[in-house]
Amino acid sequence: MKTVLKLEEIALFILGIFLFNRLNYEWWWFLVLILAPDLSMIGYVFGNKVGALLYNIFHHKGIALLIYAVGLYLSIEVVQLAGIILFSHSAMDRIFGYGLKYEKGFKYTHLGEIGK
């Protein structure tokens, strides 16, 4: 089953690249911004609860799709870009086994414990 889930996330990452390609941005923007959602890990400075909340907001695909849809509806490309980056980054993280965080600590995710 893990293989099927990884393949699904790879397909979603490719979808993110496809959607990015439809915007009027140079490719280097995707490469520069793809790791930007990880800045949300700064929340862990304030403890596991705040860290998990902030991390999960920036790594939730539903929120990413909502942001993209708002940008699409309002025809604001930078908002669409934000949604695509959040979505693509979340798919990329899940390919590598990084899931949404539990308040217990950074290494505890909905996909299992990191490092096991």
Asker: Mind listing the side-chain donor-acceptor pairs of residues 12-34 below 3.5 Å, one per line with the distance, residues two or more places apart or on another chain?
Answerer:
residue : atom : partner : partner atom : Å
Asn24   : ND2  : Glu77   : OE2          : 3.4

Asker: Closest approach of Ala82 and Ile67, non-hydrogen atoms and distance?
Answerer: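 Shortest heavy-atom contact: CB-CG2, 4.2 Å.
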Asker: Could you give the distance from CG (Leu72) to CG (Leu65), rounded to the nearest 0.5 Å?
Answerer: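 Leu72 atom CG to Leu65 atom CG measures 11.5 Å (nearest 0.5 Å).
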Asker: Output side-chain donor-acceptor pairs under 3.5 Å for residues 39-64, partner residues at least two apart or in another chain, one line each.
Answerer:
residue : atom : partner : partner atom : Å
Ser40   : OG   : Pro37   : O            : 2.7
Asn48   : ND2  : Lys104  : O            : 3.3
Tyr55   : OH   : Asp93   : OD2          : 3.1
Asn56   : OD1  : Lys101  : N            : 2.7
Asn56   : ND2  : Ala52   : O            : 3.2
Asn56   : ND2  : Lys101  : O            : 2.8
His59   : ND1  : Tyr55   : O            : 2.8
His59   : NE2  : Asp38   : OD1          : 3.2
His59   : NE2  : His89   : NE2          : 3.0
His59   : NE2  : Asp93   : OD2          : 3.3
His60   : ND1  : Gly62   : N            : 3.0
His60   : ND1  : Ile63   : N            : 3.3
Lys61   : NZ   : Glu9    : OE1          : 2.4
Lys61   : NZ   : Glu9    : OE2          : 2.9

Asker: Treat each ILVMFWY residue as a node, draw an edge where side-chain heavy atoms are under 4.5 Å apart, and state whether Leu86 and Leu100 are in one component.
Answerer: no
Asker: Could you walk me through whether Thr109 and Tyr98 pass the side-chain contact (heavy atoms from CB on, under 4.5 Å) test, one step at a time?
Answerer: CA-CA 7 Å; Thr109 77; Tyr98 297 102; 5.7 Å; no
